[in-house]
Number of protein chains: 2
Amino acid sequence: MQTTPNLILRHAELLFTQFGVEATTLRQITAAAGVNLAAVNYHFGSKEALIREIFKRRLTQLNQERLAALDRLEKAAASRPVKPAKILDAFFGTLLRIAQKDKQGGPTFLKLLGRTHTEPSEFIRVFLASEYEEVLRRYKEALIKSLPDVPREEILWRFHFMLGATAYAIAGTDSLKLLAHEGPKETQEAPSRSKPKDQESDLMQIDRLLPRLMNFLVGGLRAPLPEFNTQALRQAQPRQAALRISRSVNQGRG
Amino acid sequence: MQTTPNLILRHAELLFTQFGVEATTLRQITAAAGVNLAAVNYHFGSKEALIREIFKRRLTQLNQERLAALDRLEKAAASRPVKPAKILDAFFGTLLRIAQKDKQGGPTFLKLLGRTHTEPSEFIRVFLASEYEEVLRRYKEALIKSLPDVPREEILWRFHFMLGATAYAIAGTDSLKLLAHEGPKETQEAPSRSKPKDQESDLMQIDRLLPRLMNFLVGGLRAPLPEFNTQALRQAQPRQAALRISRSVNQGRG
DNA sequence: GTCTATATCATGATAGAC
DNA sequence: GTCTATCATGATATAGAC
């Protein structure tokens, strides 16, 4: 459908990703979409409302699929706790798979979303907070159940780290490019083996990104706990607890 | 020193962190610093130049300390490879320790830096790229030497993920707060045990952040490799290589 | 070096003809 | 619904008195 609101939504998303929400002007958007300058205010009311609309469309779908995936896992596990790796796949895998499926603008929004997680703008932050509240609560609870011997605070931190690694993995391709370059102008190692049409396709192969990311995240989630946890537990209940923790964290679910 | 340029630098850094670089105006900065509106352009030339100056000050110091730390590690190890965990501590630990030491604005800049890594603004990105080029190259090489059996591409990706987890851990405190909340208005678990003066002090205890982050990062770096790596190697050289890889990744350096 | 005053321009939003 | 024209505002930057 090439209706005006849709044209605006599509091109706004693209420009927001490219230049940032603050820096993108209504004039840029309407020019790119080939519609009149007044159209944004007519159809959406304001720039803010347009922004909200863009995120709402994608996020409600994404988070509903996440909730559905978690429901399926919990149903399949009956009352037993779900494996951490499955929980992570339901949360982060759903994100990447949706972006991959919807070729039209999927990866674009993925990048925008990654950036927006560190957006300082007030209204965006309260909006995202409300949009994420339920999913985060449900997944947090699932992880806590899944790792009963890991202190709750540590789980929250690691969830936080995982969100960061994912957001940045998607948004900040700069550092990856920087890392990949041998140095300025060095041309060793067969410069053009694959088609250089899409600059990022070499590195950002999205079907390989997911397994790469998942292994990293699971490794981080199950890493040994920092010492102050085991120390605190040791003095509370003499020494058995600490062992249980490092086992459950290093080797699997509870 | 309360000189005008310093007043500007300090308050600009603060406001950039709070509202973002794009959204912060020269009027806000000069008003907060108690200097004249024209002072920024007089002392720095333009808003862009002011931004560059702020990042330059902090980043060159940070990255020089990082290089020095790596030099020390490599000298101490003679020609043997350095342990991955030590490399990570030299890179990410130096960042957090600098921020912690410099009470005056250290944590502020830390947050700003975390956000800036996903900044879409063109001139900031090319500036950051040049500023990081040497450190990233040196640390990349160190990690490659440190994990000789891990494919180079995987190391780059994991370095990328680690950068993300760290940047976000610092910048995006929102999701952490969201995760920490039990739900709206629930007040279980002794609401005010420590002084609530600094809203974030409870969660963002920076001395605990470092061990938490380090364990997570090391866990992620040493996680088992995704399957397509071992498969590729298996068909190239029959099966010994795959075992070597998962050992070196799961248990330690090469 | 610091100030006031202002130039110049781009922004988001709106009013009103079609 | 779509257009042109325009408004009010706030941005960066500068000129020139002190």
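All values reported here derive from a predicted model rather than from experimental measurement. In what follows, chains carry the letters A, B, and so on, assigned in the order in which the sequence lines appear, proteins first and then strands, with residues in each chain numbered from 1.
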Q | Contacts of A:P107 that satisfy side-chain contact (heavy atoms from CB on, under 4.5 Å) - sequence neighbours left out | A | none

Q) The side chain of B:S46 lies closest to which of these nucleotides: D:dA13, C:dA13, C:dG12? A) D:dA13

Q) What is the distance, rounded to the nearest whole Å, between atom CD1 of A:I8 and atom P of C:dG12? A) 13 Å

Q) Who are the salt bridge (charged side-chain N to carboxylate O under 4.0 Å, His left out) partners of B:R52, not counting sequence neighbours? A) B:E48

**Q.** Upstream residue (5' side of DNA chain C) when A:Q28 and A:G45 are each assigned their closest nucleotide
**A.** A:Q28

Q. So what is the end-to-end bend of the helix from C:dG1-D:dC18 to C:dC18-D:dG1, with 5 pairs used at each end and the value given to 10 degrees?
A. 10°

**Q.** Heavy-atom neighbours of A:K86 NZ exceed 12 at 6.0 Å
**A.** no

(Q) If I take atom CG in residue B:N41 and atom C1' in nucleotide C:dA5, what distance separates them, rounded to the nearest angstrom? (A) 15 Å

Q: Let me know which of A:Q64, A:R57, A:E65 forms a side chain to side chain donor-acceptor pair (under 3.5 Å) with A:Q61.
A: A:E65

Q. Can you name the residues that form a side-chain hydrogen bond (donor to acceptor under 3.5 Å, both in side chains) with A:Q18, not counting sequence neighbours?
A. none

Q: May I have the distance from A:L26 (atom CG) to C:dG12 (atom P), rounded to whole angstrom?
A: 4 Å

Q. Between B:E48 (CD) and D:dT12 (P), how many Å, whole number?
A. 12 Å

Q) Can you list every pair that meets salt bridge (charged side-chain N to carboxylate O under 4.0 Å, His left out) and has a residue in residues 166-176 of chain B, with sequence neighbours left out? A) A:R125-B:D174

Q | A:R10: salt bridge (charged side-chain N to carboxylate O under 4.0 Å, His left out) partners, not counting sequence neighbours | A | none

Q. Under the side-chain contact (heavy atoms from CB on, under 4.5 Å) test, which residues partner B:S121, sequence neighbours left out?
A. B:E22, B:E119, B:F123, B:I124

Q) Taking NZ from A:K47 and P from C:dT11, how many angstroms apart are they, rounded to a whole number? A) 9 Å

(Q) Enumerate the side-chain hydrogen bond (donor to acceptor under 3.5 Å, both in side chains) contacts for residues 87-102 of chain A, please, sequence neighbours excluded, ordered by first and then second residue. (A) A:R58-A:D102, A:D89-A:R97

Taking N or O atoms only and anything under 3.5 Å, show me the protein contacts with nucleotides 2-6 of chain D, one pair per line.
residue, atom, partner, partner atom, Å
D:dT2, OP1, A:T4, OG1, 2.9
D:dT2, OP2, A:H43, NE2, 2.8
D:dC3, OP2, A:N36, N, 3.4
D:dT4, OP2, A:N36, ND2, 3.4

Q. Salt bridge (charged side-chain N to carboxylate O under 4.0 Å, His left out) with B:R27: which residues, sequence neighbours excluded?
A. none

Q) Where along residues 15-24 of chain A does a heavy atom come under 4.0 Å from DNA chain C, residue by residue in number order? A) A:T24

Q: Figure out the CZ/C1' separation between B:F123 and D:dT12, and round it to whole Å.
A: 13 Å

Q | Residues in salt bridge (charged side-chain N to carboxylate O under 4.0 Å, His left out) contact with B:R138, at least two apart in sequence or another chain | A | B:D71, B:E74

